[in-house]
Asker: 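For reference, the structure I am asking about is given below.
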Amino acid sequence: MKKLPKRILFVSSESRPFASTGGLADVAEALPNELNQMGVKIDRIMPLYRKVHEGQKRGGYELQRSTHTLQIPMGSETIQTEIYFTELHGTLTYFVNCEEFFDRTELYALPNREYSDNFNRFLFFQKAVVALIDALGQPYEVLHLNDWQTGMIPLLLEKGIYGTGRGGHEKTLYTIHNLAYQGLYPATNLYKTNLPGNFISQYPDLEYYGQLNLMKAGIAGATRVNTVSPTYAEEIRTEKFGCGLEGVLSNLAHPVIGIVNGVDTKAWNPETDPALPANYRLKSLSGKERCKQALVEEAGLTYKKETPLFVMISRLVDQKGITVIGQAMEQLMGLPLQFILLGSGQEIYHKWIQDWNQRWPEKFKGILGYDSELSHRMEAGADFFFMPSEFEPCGLNQLYSLRYGTIPVVNPTGGLKDTVTDVRQNPAHGTGLLMNSYTPEALLNCIQEGISLFHHKQQFRQVRQRGMAQDVTWTRTAQEYLDLYRDLI
Ligand code: ADP
Ligand code: GLC
């Protein structure tokens, strides 16, 4: 039997309940908690954003200041950081403090404008991670890195934060959650890394057509690389989905493997969810109808039991297929259904949604913003959930939908393909509706099919219950990560 690593550090730019913009935060919360419960010793580290301070009461945690104050070189400058920590649900989390970089309204961007110093912010974070490991005096055997904000860590482990050499004895697992965000910056920033030499060409792992690419550095530098579904693991080796890194991804010594994310069943359980007006379970769905009525009324629409309710909760970015919804909207609104959407992101989509609110006030309600509790009420109250993503590394909302008896309508790409089975192609095992192409026609076709299914009550209930019975828990996922950690050492 392979040995278990003694200590693991999970490095992420966000984690619930502290600060979150998307699915990475759900994973960063659930996976370490699950592993600690399984007896693996895994700590977590992330930046100390303003939101982490603000969330203390609501999140049920209290920040404590550690004795570690670290000096982090950024080129010729030195910036000081204090390390805070808290222990929640069995996991110790460290926070890297730096008011200049992290005491801001948002994590990465204001609407339509990325913070211009994100390279500095996350280089600083990664250096602080390495500096803290050294200061703790108790080594970590494995570092689990996530997305571009942690991609330089393999290089920093080897060269050290002053570039004078460190050894890099830790093993690293680099998980790609979304290849579309790569952390691409001008090579003129190289001096801030303190790496020896002035030329980006000396660092082929980091170099991408003359620029710094932190995603590439993570992929090329880590001991092993994985992503969040088997289908996405294959897709990213192609030109269509590889975002320019398909070559690097195809030539790794160990092929990228895909591990589907799980659902945190403590947070997402319709039987106990405190955010819901009524709880329900697989064998007794009556509470779900009460959730639907409450949600429709909360949205200011008129509740009609016989009208199917479609919802969508999403970052409003191109990836998520809002354009396909936009192209289908006129016809969609002609169908006997209601549609509630919650999201925030690109300004253009905010405008679309404001426009739809005015045009179809009886059938559509778009809510702009980020609201976790409302997202629970929507998963519970809906009959169908839209996820027509152009690409989707894993996707979590379709998993929450399955668990809440809400039928996902998805474009079968990445994790959506791996987790939802089409009712039409597989009537005995179907759990959702799959678009046969990334087009408004295919979406409308699924919606019509959904409406018809909604009125065949027995079949509709069976599909819902099948989804609710699907095993989407973290136990299986955590076990797969554990096997990977074992392989690493
Ligand atoms: P991604 O990480 O690409 O945004 P996922 O489906 O993996 O997509 O995860 C999205 C997560 O973020 C889910 O937990 C979802 O409920 C949440 N989320 C996204 N937008 C909002 C919003 N506007 N309000 C509340 N939760 C949201
Ligand atoms: C990314 C992906 C999403 C995935 C999440 C967590 O944000 O876009 O598909 O579920 O990471 O892995």
Side-chain angles (χ1 to χ4, degrees), residues 10 12-17 19-31 106-109 111 144-150 174-182 215 226-233 235-236 241 243 258-264 267-268 273 275 311-322 340-346 349-350 353 366-380 382 385-404 406 408 410-420 472 474 477 481:
F10 190 92
S12 173
S13 60
E14 57 181 87
S15 171
R16 278 178 194 254
S20 143
T21 66
L24 170 60
D26 299 37
V27 175
E29 175 179 40
L31 179 58
E106 292 302 332
L107 274 58
Y108 316 117
H144 186 159
L145 313 174
N146 297 278
D147 274 352
W148 73 263
Q149 293 90 343
T150 64
Y174 183 72
T175 302
I176 302 169
H177 295 265
N178 195 335
L179 198 62
Y181 302 93
Q182 299 191 354
M215 174 65 85
N226 84 300
T227 185
V228 287
S229 70
T231 295
Y232 194 60
E235 286 173 342
I236 55 179
F241 293 97
C243 304
I259 302 180
V260 171
N261 293 327
V263 168
D264 180 350
W268 292 95
D273 192 334
V311 305
M312 177 164 183
I313 304 163
S314 186
R315 289 187 293 118
L316 298 176
V317 295
D318 300 340
Q319 170 195 345
K320 301 293 180 178
I322 328 284
I340 303 176
L341 185 154
L342 167 66
S344 67
Q346 289 169 228
Y349 297 130
H350 286 212
I353 285 161
I367 301 153
L368 297 176
Y370 191 96
D371 185 338
S372 275
E373 292 207 351
L374 175 57
S375 77
H376 283 243
R377 295 198 291 279
M378 286 174 69
E379 286 286 9
F385 194 97
F386 282 134
M387 244 170 132
S389 309
E390 188 176 6
F391 66 93
E392 194 62 75
C394 178
L396 291 168
N397 278 310
Q398 84 280 15
L399 301 178
Y400 302 149
S401 297
L402 289 169
R403 206 165 157 71
Y404 277 58
T406 296
V410 308
N411 182 34
T413 173
L416 297 173
K417 184 168 174 202
D418 294 333
T419 56
V420 184
V472 290
W474 267 102
T477 310
Y481 275 104

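Whatever order the structure lists ligands and atoms in, that order sets their numbers, starting from 1. When a residue number appears, it is its place in the shown sequence, counting from 1.
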Asker: Which residue owns the protein heavy atom closest to atom 12 (O) of ligand 2, what's the atom, and how far is it?
Answerer: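 Scanning the protein heavy atoms, the shortest distance from atom 12 (O) of ligand 2 goes to His177 ND1, 2.6 Å.
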Asker: Against heavy atoms of Gly395, which atoms of ligand 1 measure under 4.0 Å?
Answerer: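 Near Gly395, meaning under 4.0 Å from one of its heavy atoms, ligand 1 has 6 (O), 7 (O).
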Asker: With heavy atoms under 4.0 Å as the rule, classify the contact between Ile313 and ligand 1 as side chain, backbone, both or neither.
Answerer: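 Ile313 to ligand 1: side-chain contact only, backbone stays beyond 4.0 Å.
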Asker: Numbering the atoms of ligand 2 from 1, which are under 4.0 Å from a heavy atom of Gln319?
Answerer: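 Within the 4.0 Å cut-off of Gln319, ligand 2 contributes 8 (O).
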Asker: Nearest protein heavy-atom contact for atom 3 (C) of ligand 2: which residue, which atom, what distance?
Answerer: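 The closest heavy atom on the protein side is Glu392 OE2, 3.3 Å.
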Asker: Give the residue and atom name of whichever protein heavy atom lies nearest to atom 18 (N) of ligand 1, and the separation in Å to one decimal.
Answerer: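 The answer is Tyr370 CE1, 3.7 Å.
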Asker: For ligand 2, which atoms have a heavy atom of Gly395 less than 4.0 angstrom away?
Answerer: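 With Gly395 as reference, the close atoms of ligand 2 come out as 3 (C), 4 (C), 9 (O), 10 (O).
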Asker: Could you check whether the rings of Trp268 and His376 sit parallel, tilted or perpendicular, using 30° and 60° as the cut-offs?
Answerer: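 Rings of Trp268 and His376: parallel, under 30°.
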Asker: With atoms numbered from 1 as shown, which atoms in ligand 2 lie under 4.0 angstrom from a non-hydrogen atom of Pro393?
Answerer: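 Contacts of ligand 2 toward Pro393, numbered from 1: 2 (C), 8 (O), 9 (O).
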Asker: Record the part of Leu24 in heavy-atom contact with ligand 2 below 4.0 Å; permitted values are side chain, backbone, both and neither.
Answerer: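 Under 4.0 Å from ligand 2, Leu24 contributes backbone atoms alone.
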Asker: Closer than 4.0 Å to some heavy atom of Gly369 - which atoms of ligand 1 meet that?
Answerer: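 Listed by number with element: 22 (C), 23 (N).
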Asker: Where the closest heavy atom to atom 4 (O) of ligand 1 is concerned, which of Met387, Gln398, Arg315 has it?
Answerer: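 Looking at heavy atoms only, the winner is Arg315.
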Asker: Please report which non-hydrogen protein atom sits nearest to atom 24 (N) of ligand 1, along with the residue it belongs to and the distance in Å to one decimal place.
Answerer: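 So the nearest neighbour among protein heavy atoms is Asp371 N, 3.0 Å.
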Asker: Give a yes or no on whether the backbone of Glu379 and the side-chain of Thr406 come within a donor-acceptor separation of less than 3.5 Å.
Answerer: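 Side chain of Thr406 to backbone of Glu379, a donor-acceptor pair under 3.5 Å: yes, one is there.
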Asker: For the CD1 atom of Ile367 and the CG atom of Leu341, what is their distance to the nearest 0.5 Å?
Answerer: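 Answer for the CD1-CG pair, Ile367 versus Leu341, is 8.5 Å.
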Asker: Would you check the N or O atoms of Leu24, main chain and side chain alike, for any that come under 3.5 Å of an N or O of ligand 1?
Answerer: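 No, no N or O pair falls under 3.5 Å.
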Asker: As a check for students: among Thr21, Ile367, Asp26, identify the option with a heavy atom nearest to atom 14 (O) of ligand 1.
Answerer: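 Nearest heavy atom to atom 14 (O) of ligand 1 lies in Asp26.
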Asker: Does the side chain of Gln319 pick up a donor-acceptor pair with the side chain of Ser389 at under 3.5 Å?
Answerer: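 On atom types as modelled, these side chains do not qualify, holding no pair under 3.5 Å.
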Asker: Give a yes or no on whether the backbone of Ala30 and the side-chain of Asp264 come within a donor-acceptor separation of less than 3.5 Å.
Answerer: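 No, Asp264 side chain to Ala30 backbone: no donor-acceptor pair under 3.5 Å.
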Asker: Hey, what do you get for CG (Asp147) to OH (Tyr181), rounding to the nearest 0.5 Å?
Answerer: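 Between atom CG of Asp147 and atom OH of Tyr181 there are 10.0 Å.
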Asker: Would you mind checking which non-hydrogen protein atom is closest to atom 15 (C) of ligand 1, with the distance to 0.1 Å?
Answerer: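 Nearest protein contact, heavy atoms only, for atom 15 (C) of ligand 1 is Asn397 ND2, 3.4 Å.
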Asker: May I ask which of Lys320, Met378, Glu379 has a heavy atom nearer to atom 1 (P) of ligand 1 than the others do?
Answerer: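 The residue whose heavy atom sits nearest atom 1 (P) of ligand 1 is Lys320.
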Asker: For Ser12 and Asn146, test the side chains for any donor-to-acceptor distance below 3.5 angstrom and give the result as yes or no.
Answerer: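 No, Asn146 and Ser12 have no side-chain donor paired with an acceptor closer than 3.5 Å.
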Asker: Using heavy-atom distances only, which candidate in Ser314, Gly23, Gly22 approaches atom 20 (N) of ligand 1 most closely?
Answerer: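 Comparing heavy atoms across Ser314, Gly23, Gly22, the nearest one to atom 20 (N) of ligand 1 lies in Ser314.
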Asker: Where do Gly414 and Thr231 come nearest, in terms of heavy atoms and distance?
Answerer: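 Minimum heavy-atom contact is O-CB, 3.4 Å.
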Asker: Examine distances only and state if a side-chain atom of Asn411 and a backbone atom of Thr413 form a donor-acceptor pair shorter than 3.5 Å.
Answerer: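 A pair under 3.5 Å: no.
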Asker: I need the minimum non-hydrogen distance between Thr21 and Leu107, along with the two atoms involved.
Answerer: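 What the structure gives for the nearest pair is CG2-CD2, 3.7 Å.
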Asker: So, Tyr481 versus Asn226: side-chain donor-acceptor pair below 3.5 Å or not?
Answerer: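 Yes.
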Asker: What are the atoms of ligand 2, with element, lying closer than 4.0 Å to any heavy atom of Val27?
Answerer: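 Close to Val27: 6 (C), 12 (O).
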Asker: Under 4.0 Å, heavy-atom basis, I'd like to know which part of Asn261 is in contact with ligand 2: side chain, backbone, both or neither.
Answerer: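 Side chain only.
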Asker: Would you say Val228 has any N or O atom under 3.5 Å from an N or O of ligand 2, going by distance alone?
Answerer: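 N/O-N/O distance under 3.5 Å: no.
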Asker: Pick one of side chain, backbone, both or neither for how Cys394 approaches ligand 1, counting any non-hydrogen atom pair under 4.0 Å.
Answerer: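 Answer for Cys394: neither.
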Asker: Look at the side chain of Thr227 and the backbone N and O of Gly258, then say whether any donor-acceptor pair between them is shorter than 3.5 Å.
Answerer: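 No, Thr227 side chain to Gly258 backbone: no donor-acceptor pair under 3.5 Å.
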Asker: Glu373: heavy atom below 4.0 Å from ligand 1, yes or no?
Answerer: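 For ligand 1, residue contact (heavy atoms, under 4.0 Å) with Glu373 is absent.
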Asker: Is it true that a side-chain atom of Ser229 and a backbone atom of Gly415 form a donor plus acceptor pair closer than 3.5 Å?
Answerer: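 Yes, Ser229 side chain to Gly415 backbone: donor-acceptor pair under 3.5 Å.
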Asker: Give a yes-or-no answer on whether the side chains of Ser375 and Tyr400 include a donor-acceptor pair shorter than 3.5 Å.
Answerer: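 Not at all, the side chains of Ser375 and Tyr400 share no donor-acceptor pair under 3.5 Å.
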Asker: To the nearest 0.1 Å, how far is atom 5 (P) of ligand 1 from its closest protein heavy atom, and which atom is that?
Answerer: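 That would be Leu396 N, 3.6 Å.
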